[in-house]
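Keep in mind it's a predicted model, so treat the numbers as computed, not measured. For this chain, numbers begin at 1 and follow the sequence in order.
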Amino acid sequence: METRNQTDVSNFYLLGLTDDPELQLHIFFLFLSMYLITLLGNLLIILAVSCDPHIHTPMYFFLSNLSFTDICMSTATIPKMLVNIQAQNQSITYSGCLTQMCFVMVFAFLENFLLTVMAYDRYVAICHPLRYSIIMNPQTCGLLIIFSLLLSILNALLLSLTALRLSFCKNLEIPHFFCELAQVVKLTCSDTHINDLLLYLVGSIFGVLPLSAIIFSYTQIVSSVLRMPSAGAKLKAFSTCGSHLSVVSLFYGTGFGVYISSILTGSSRKTAVASVMYIVVSQMMNPFIYSL
């Protein structure tokens with residue numbers, strides 16, 4: 001196969017979810033609607049938290065940051081897809097592809113870390129209520145957000161920069177609706193052992209560890225709640241965790257579903273369809289879950 005290095009590549013081609021022109025029109029309006037709902041829902045949460053002094057608490061501070069992350073995640077992928085469908089042009093520049101890939105990873109990592117921080121917040125609130133205001137003070141909350149953001153940026157940059165060393169084959173078609181690292185690596189004619197190793201290492205560490213921390217937090221919460229003498233106190237404690245547990249289940253459940261789909265189907269196009277749940281639907285549903 002003819003190879004070309006990164007300086008020779010000017011464009012990749014995002015094949016999207018389907019080649020059918022009629023379906024593409026339906027997909028355009030569907031994704032436009034979901035994007036607008038995502039923007040509106042998450043912006044309303046941010047405005048509500050900002051304007052109501054009664055909910056200026058760590059839990060709602062983290063929730064507003066999660067909503068902002070959801071907006072950014074959707075904005076990193078959907079607008080480009082809509083523009084490509086409307087213009088009947090599947091191309092994305094080499095630099096644009098790497099930039100999109102990096103931003104998607106930044107916000108995916110950040111959402112992962114924010115959900116872990118929110119689980120820790122619930123753990124402190126229920127298991128150590130008398131020390132809650134001391135432990136979860138404004139400085140600590142700010143540092144947790146900054147640390148999560150910096151770690152997300154470092155991980156995304158590390159994975160993105162490894163793609164710069166790759167040489168690509170003549171086929172530059174990505175069977176997805178956005179530039180995903182795993183799909184870009186499949187197009188290369190270079191040795192991808194370093195890329196694959198880093199991808200699995202970072203994915204394992206920063207996927208398994210946060211999920212383990214969430215599970216540990218909730219085992220401690222359940223243990224603490226079961227020791228409460230009042231049924232009303234138990235119900236109140238569980239009610240403060242219900243929304244977060246639903247969002248965690250949606251985020252990790254859809255992410256795990258995409259991973260299983262990529263293994264079982266062997267079809268990149270089917271994996272792209274499964275990714276809609278992880279990249280688009282999850283961010284749209286979060287405001288509805290937290291408003292219940």
Side-chain angles (χ1 to χ4, degrees), residues 16-17 25-86 100 103-122 125 141-142 144-145 148-149 152 177-178 180 210 214 238-258 272-292:
L17 300 176
L25 183 62
H26 293 302
I27 288 172
F28 177 86
F29 287 108
L30 176 63
F31 273 71
L32 178 61
S33 300
M34 290 194 293
Y35 181 58
L36 293 176
I37 291 170
T38 300
L39 286 181
L40 180 61
N42 285 290
L43 280 174
L44 286 175
I45 286 182
I46 294 172
L47 288 173
V49 173
S50 302
C51 297
D52 190 348
H54 296 96
I55 55 176
H56 286 177
T57 62
M59 180 176 73
Y60 287 102
F61 171 69
F62 295 134
L63 176 58
S64 62
N65 279 275
L66 181 67
S67 294
F68 178 73
T69 303
D70 286 339
I71 290 174
C72 293
M73 172 78 92
S74 298
T75 302
T77 56
I78 299 179
K80 177 59 180 173
M81 176 189 182
L82 297 177
V83 169
N84 282 6
I85 293 175
Q86 195 276 332
Q100 184 185 60
F103 274 111
V104 168
M105 287 191 290
V106 166
F107 298 121
F109 279 124
L110 184 56
E111 181 148 354
N112 188 25
F113 295 141
L114 284 175
L115 290 174
T116 307
V117 169
M118 293 171 79
Y120 175 69
D121 172 71
R122 293 298 83 207
C141 293
L144 286 171
I145 294 296
S148 297
L149 179 59
S152 300
F177 64 93
F178 70 96
E180 184 188 45
I214 292 173
F238 279 129
S239 66
T240 64
C241 301
S243 297
H244 179 256
L245 271 175
S246 299
V247 171
V248 167
S249 300
L250 183 62
F251 180 78
Y252 285 102
T254 53
F256 185 69
V258 171
V273 174
S275 297
V276 172
M277 290 295 295
Y278 180 71
I279 297 294
V280 181
V281 175
S282 177
Q283 283 67 38
M284 182 184 70
M285 292 301 299
N286 286 353
F288 293 100
I289 293 172
Y290 273 103
S291 62
L292 294 177

Would you say the side chain of Phe178 lies within less than 4.5 Å of the side chain of Lys80, judging by non-hydrogen atoms? no
Residues two or more places apart in sequence or in another chain: which of them pass side chain to side chain contact (heavy atoms under 4.5 Å, CB included) with Met105? Met101, Phe109, Ala156, Leu159, Ser160, Leu181
Does Ala76 offer a backbone N or O that forms a donor-acceptor pair with the side chain of Gln100 under 3.5 Å? yes
Show me the pairs that pass side-chain hydrogen bond (donor to acceptor under 3.5 Å, both in side chains) and involve residues 36-50, at least two apart or across chains. Asn42-Ser67
How long is the straight-line distance from CD1 of Ile289 back to OG of Ser282, given to the nearest 0.5 Å? 7.5 Å
So, for Thr240 and Met59, which heavy atoms are closest and what is the spacing to 0.1 Å? O-SD, 4.4 Å
To the nearest 0.5 Å, what is the distance between NE2 on His244 and CZ on Phe251? 10.5 Å
Name all pairs fulfilling the side-chain hydrogen bond (donor to acceptor under 3.5 Å, both in side chains) condition that reach into residues 245-257, sequence neighbours left out, sorted by first residue then second. Asn112-Tyr252
Would you list the pairs meeting side-chain hydrogen bond (donor to acceptor under 3.5 Å, both in side chains) in which at least one residue belongs to residues 68-79, sequence neighbours left out? Tyr35-Thr75, Asp70-Asn286
Those residues at least two apart in sequence (or on a different chain) that pass side chain to side chain donor-acceptor pair (under 3.5 Å) with Asn65 are none
Test side chain to side chain contact (heavy atoms under 4.5 Å, CB included), reference Met118, set Leu66, Ile214, Leu144, Val247, output is Leu66
d(Leu250 CG, Gln283 CD) to nearest 0.5 Å is 8.5 Å
CE/Met277: more than 12 non-hydrogen atoms of other groups inside 6.0 Å: no
Within a 6.0 Å radius of atom CZ on Phe288, are there more than 12 heavy atoms belonging to other residues, nucleotides or ligands? no
Point-to-point distance, once rounded to the nearest 0.5 Å, from CG of Leu110 to CE of Met73: 9.0 Å
Looking at side-chain heavy atoms only, is the closest gap between Val117 and Ser148 below 4.5 Å? yes
How long is the span from the CD1 atom in Ile279 to the CE atom in Met284, to the nearest 0.5 Å? 14.0 Å
Distance-minimising heavy-atom pair for Asp121 and Pro58: OD1-CB, 3.5 Å
About how many Å separate CZ of Phe113 and CD1 of Ile145, when rounded to the nearest 0.5 Å? 12.0 Å
Would you say that Thr57 contacts Phe62 through its side chain, given a criterion of any heavy-atom pair below 4.5 Å between the two side chains? no
Within the 4.5 Å heavy-atom criterion, are Val276 and Phe177 side-chain neighbours or not? yes
Taking side chain to side chain contact (heavy atoms under 4.5 Å, CB included) as the definition, give me every residue that meets it alongside Leu47, ordered by chain and number, with sequence neighbours left out. none
Tell me every residue that passes side chain to side chain contact (heavy atoms under 4.5 Å, CB included) with Phe28, counting only those two or more places apart in sequence or in another chain. Leu32, Leu82, Ile85, Gln86
Using modelled atom types and a 3.5 Å cut-off, is there a donor and acceptor pairing between side-chain atoms of Ser243 and backbone atoms of Tyr290? no
Applying side chain to side chain contact (heavy atoms under 4.5 Å, CB included), name anything that partners Phe68, two or more places apart in sequence or on another chain. Ile46, Cys72
Mind checking side chain to side chain donor-acceptor pair (under 3.5 Å) for Tyr278 and listing every partner two or more places apart, or none if nothing turns up? none
Check whether any side-chain N or O of His56 sits under 3.5 Å from a backbone N or O of Val49 as a donor-acceptor pair, and report yes or no. yes
